[in-house]
Amino acid sequence: MSGEPLPRSFYARDAQTVAPDLLGYVLETRSRGRVTAGRIVEVEAYVGPHDPAAHGFGNRRTQRNDALFGPPGFFYVYFTYGMHWCANAVTRSDGFPSAVLIRALEPLDGLAAMRRRRGVQSDRLLCAGPARLCQALAITGTYNKEWLDGDRVRVTGPRVSPDEIVVGPRIGISKATDWPLRFGVSGSPFLSRAF
DNA sequence: GGTAGGATAAGCT
DNA sequence: GCTTATCCTACCA
């Protein structure tokens, strides 16, 4: 099931380059011995201090966004809307705030645990959204600043290369809404929204 | 099928 | 006090 984790060097590139390359790889977590995993089918890039929609805009480093400024290959997990967690892969270089938000997975492994945590009827909705997949994979703030090649969380191969990658504007933001930085696997039924 | 409103808390002005 | 990288439910068509 679990392949080799991607090397940290994979993440040491621009977020908009890493983002589409992540499609098709598997995100896997281990929580109290239970493994859950899903194939990445939707991502968004947050490209740097010049990106008005990104938490690192203007290079303002705070306690909340500190992991975003960390080294490539870090996991950046933040809390939002008073009840939701979202998960990112930190990219580029240490000290430069950029990351790829994981927006949707195709559930692969640990479906029973996912259904229990999510409490939804349809498997299509288990991981179809950044906060939904965190709930399904039990990702919370304790995962912040983990390495993405570790035992608690990893991104692994082998990659199932998408036949086609589609691009569009990012979701849930109010600035730079026309930047084409959302990437998805064309036609996947597990997207958070159609492109 | 679609959309409006509420939940709920940290961070910023 | 307002915004937020969201999701769920209720309601209307």
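The shown structure was predicted, so the numbers you read here are calculated from the model rather than taken from an experiment. Quick note: numbers below take in every heavy atom, side chains included, and nothing from hydrogens, waters or symmetry partners. Lettering follows sequence order; numbering is per chain, from 1.
Contact annotation: the side chain of A/N88 never approaches that of A/V100 to less than 4.5 Å [non-hydrogen atoms, C-beta and beyond].
Counting non-hydrogen atoms under 4.0 angstrom, A/R118 reaches the backbone sugars and phosphates but no base. Among the protein residues, A/R170 comes within range of no part of the nucleic acid, since none of its heavy atoms lies under 4.0 Å from any strand. Contact annotation for A/R103: backbone-only contact, meaning every heavy-atom pair under 4.0 Å involves sugar-phosphate atoms and none involves a base. A/L101 comes within contact range of at least one nucleobase, with a heavy-atom separation under 4.0 Å. Using a 4.0 Å heavy-atom criterion, one finds that A/A131 contacts the sugar-phosphate atoms exclusively.
Candidate nucleotides C/dA5, C/dT6, B/dG11 were compared by shortest atom distance to the side chain of A/R64, and B/dG11 ranks first. If you check C/dC7, B/dC12, C/dA5 against the side chain of A/Y76, the one that comes closest is C/dA5. For A/F79, whose side chain is taken as the heavy atoms from C-beta onward, the closest listed nucleotide among B/dA9, C/dC7, C/dA5 is B/dA9. The side chain of A/R132 lies closest to C/dC8 when the candidates are C/dT6, B/dC12, C/dC8.
A straight line from CZ of A/R60 to C1' of C/dT3 spans 14 Å, rounded to a whole angstrom. Straight-line distance from the CD1 atom of A/I171 to the P atom of C/dT4: 16 Å, rounded to whole Å. Rounded to whole Å, the distance from CD on A/Q135 to P on B/dT8 is 14 Å. With rounding to whole Å, A/N65 atom CG is found 14 Å from C/dT4 atom C1'. Rounded to whole angstrom, the span from the NE2 atom of A/H84 across to the P atom of B/dG6 amounts to 16 Å. Spacing between atom CZ of A/R124 and atom P of C/dC8 amounts to 11 Å, rounded to whole angstrom units. Between the CZ atom of A/R182 and the C1' atom of C/dT6 there is a distance of 14 Å, given to the nearest Å. For the pair A/M83 CE and B/dG11 P, the computed distance is 17 Å after rounding to whole Å.
Contact check on A/R30 versus A/D151 returns no salt bridge, with no Lys/Arg side-chain nitrogen under 4.0 Å from an Asp/Glu carboxylate oxygen.
A donor-acceptor contact shorter than 3.5 Å is absent between the side chain of A/R92 and the backbone of A/A15. Although no hydrogens or angles enter the test, the distance criterion places no donor-acceptor pair under 3.5 Å between the side chain of A/D66 and the main chain of A/Q63. Side-chain atoms of A/Q135 come within 3.5 Å of backbone N or O of A/R117 as a donor-acceptor pair.
Remark: A/D178 CG is packed, more than 12 non-hydrogen atoms of other residues, nucleotides or ligands lying under 6.0 Å away.
With hydrogens and angles left out, the side chain of A/Y81 and the base of B/dA9 share no donor-acceptor pair within 3.5 Å.
For A/S174 and C/dT4, the shortest distance from a side-chain N or O to OP1 or OP2 is below 4.0 Å.
Between A/L125 and A/Y46, the one whose closest nucleotide on DNA chain C sits nearer the 5' end is A/Y46.
Pairing partner, B/dT8: none, since no Watson-Crick or wobble contact has both distances short of 3.5 Å.
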